[in-house]
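Keep in mind that what you see is a predicted model, and the values were worked out from it rather than measured. Heads up: numbering here begins at 1 and tracks the sequence.
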Amino acid sequence: LRQLDETVPWHVHAAVRMTGTLDTAALQQAMASVIERYSVLRTLVENVNGQPICSAVPAIGLRLPVVELESALVANAIAQEVNRPFDLSTGPLLRVLLLRSERSDYHFVLSAHRLIADRRSAGRLITEIMRRYDHLASGVAAGSPVQEPYLTDAIPFEEHAARRREWLKAQDATRQISEWAQWLKDVPPLRLLSDRSRPVTKTFRGAAVETTLSRETRVGLERLAAHC
């Protein structure tokens, strides 16, 4: 997809704001610990005879750059950081940045290519980094266990991918694929109408609109969703 359209930012990101005293060395160490734990964060993608080949390298040497700037420039700096492209072959596919706008006001920004993380895992990743940072900053040794209830059943990504490939070869997967193909064979292509024509130059500008729904509308939507 990236080769077809390099203008699309195939990235996910997460950020956290911190105030007070920050130990940048401990934060760097926390990052290294998490990267060492998950091989998918050390993944590179090489083009071999036209085929993408993924491989995990022993280390990616990810550093934590610190940039000082005015508070009014933080939002723009974050937007520029999360949209910078990744080089799939040389990596890393994970990037971090620490913005310091005042003496005790920090923004820790994490960006990752969608090949190694989705939006949900990016949020969990930054949460784990901050938990490990809290332990290290409080004087706990780097090798000490960290309580992470939501990650206790985590498995390496390559093992998960292998399980999915085995499932696709199983009879149950073949049956489900055949059933879906049968159900959808007569469904016409979905044509969504738009009140605006597509611009010549693709952009990703957007906005969020908040509104308040009545209780009756909410209950009706929940009832409809339960039957979908």
For [X], all residues meeting salt bridge (Lys or Arg N to Asp or Glu O under 4.0 Å), sequence neighbours excluded:
X: Glu179; value: Arg175
X: Arg95; value: Glu81
X: Glu222; value: Arg218
X: Asp105; value: Arg17

[Y] side chain reached by [X] side chain, heavy atoms, under 4.5 Å:
X: Leu98; Y: Val67; value: no
X: Thr43; Y: Val57; value: no
X: Met31; Y: Val96; value: yes
X: Leu64; Y: Phe108; value: yes
X: Ser71; Y: Glu102; value: yes

Determine yes or no for a side-chain-to-main-chain donor-acceptor pair under 3.5 angstrom, with [X] supplying the side chain and [Y] the backbone.
X: Ser33; Y: Gln29; value: no
X: Arg42; Y: Ile60; value: no
X: Thr127; Y: Gly123; value: yes

Got a sec, which residues hit side chain to side chain donor-acceptor pair (under 3.5 Å) with [X], two or more places apart in sequence or on another chain?
X: Gln176; result: Asp172
X: Thr212; result: none
X: Asn49; result: none
X: Ser104; result: none

Locate the shortest heavy-atom distance separating [X] from [Y]; write the atom from each residue and the value.
X: Leu97; Y: Pro65; answer: CD1-O, 3.7 Å
X: Leu94; Y: Ala112; answer: CD1-CB, 4.0 Å
X: Leu136; Y: Ala30; answer: CD1-N, 3.6 Å
X: Gln182; Y: Lys185; answer: NE2-NZ, 3.0 Å

Donor-acceptor side-chain pairing of Glu128 and Tyr133 below 3.5 angstrom: no
Quick check for you: to the nearest 0.5 Å, what is the distance between [X] atom [atom1] and [Y] atom [atom2]?
X: Glu36; Y: Leu41; atom1: CD; atom2: CG; result: 11.5 Å
X: Arg124; Y: Ile129; atom1: CZ; atom2: CD1; result: 14.5 Å
X: Leu27; Y: Met130; atom1: CG; atom2: CE; result: 6.0 Å
X: Ile35; Y: Leu125; atom1: CD1; atom2: CG; result: 8.0 Å
X: Trp10; Y: Arg114; atom1: CH2; atom2: CZ; result: 8.0 Å
X: Phe86; Y: Leu115; atom1: CZ; atom2: CG; result: 10.5 Å

Remaining members of the apolar cluster that contains Leu184, side-chain heavy atoms under 4.5 Å: Trp180, Trp183, Val187
Side-chain cluster (under 4.5 Å, hydrophobic types only) that Val48 belongs to, other residues: Ile53
Partners passing side chain to side chain contact (heavy atoms under 4.5 Å, CB included) against Ala77 (at least two apart in sequence or in another chain): Leu69, Leu99
With Ser214 via side chain to side chain contact (heavy atoms under 4.5 Å, CB included) - residues at least two apart: Glu216, Thr217
Verdict with supporting geometry, Ser111 and Arg84, side chain to side chain contact (heavy atoms under 4.5 Å, CB included): CA-CA 9 Å; Ser111 308; Arg84 282 201 297 124; over 6 Å; no
From CA spacing to verdict: side chain to side chain contact (heavy atoms under 4.5 Å, CB included), Leu221, Leu213: CA-CA 10 Å; Leu221 289 173; Leu213 301 177; 3.9 Å; yes
Path from Trp167 to Ile177 over hydrophobic side-chain contacts below 4.5 Å: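 Trp167 does not cluster with Ile177.
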Worked verdict on His13 versus Leu110 for side chain to side chain contact (heavy atoms under 4.5 Å, CB included): CA-CA 5 Å; His13 65 275; Leu110 180 146; over 6 Å; no
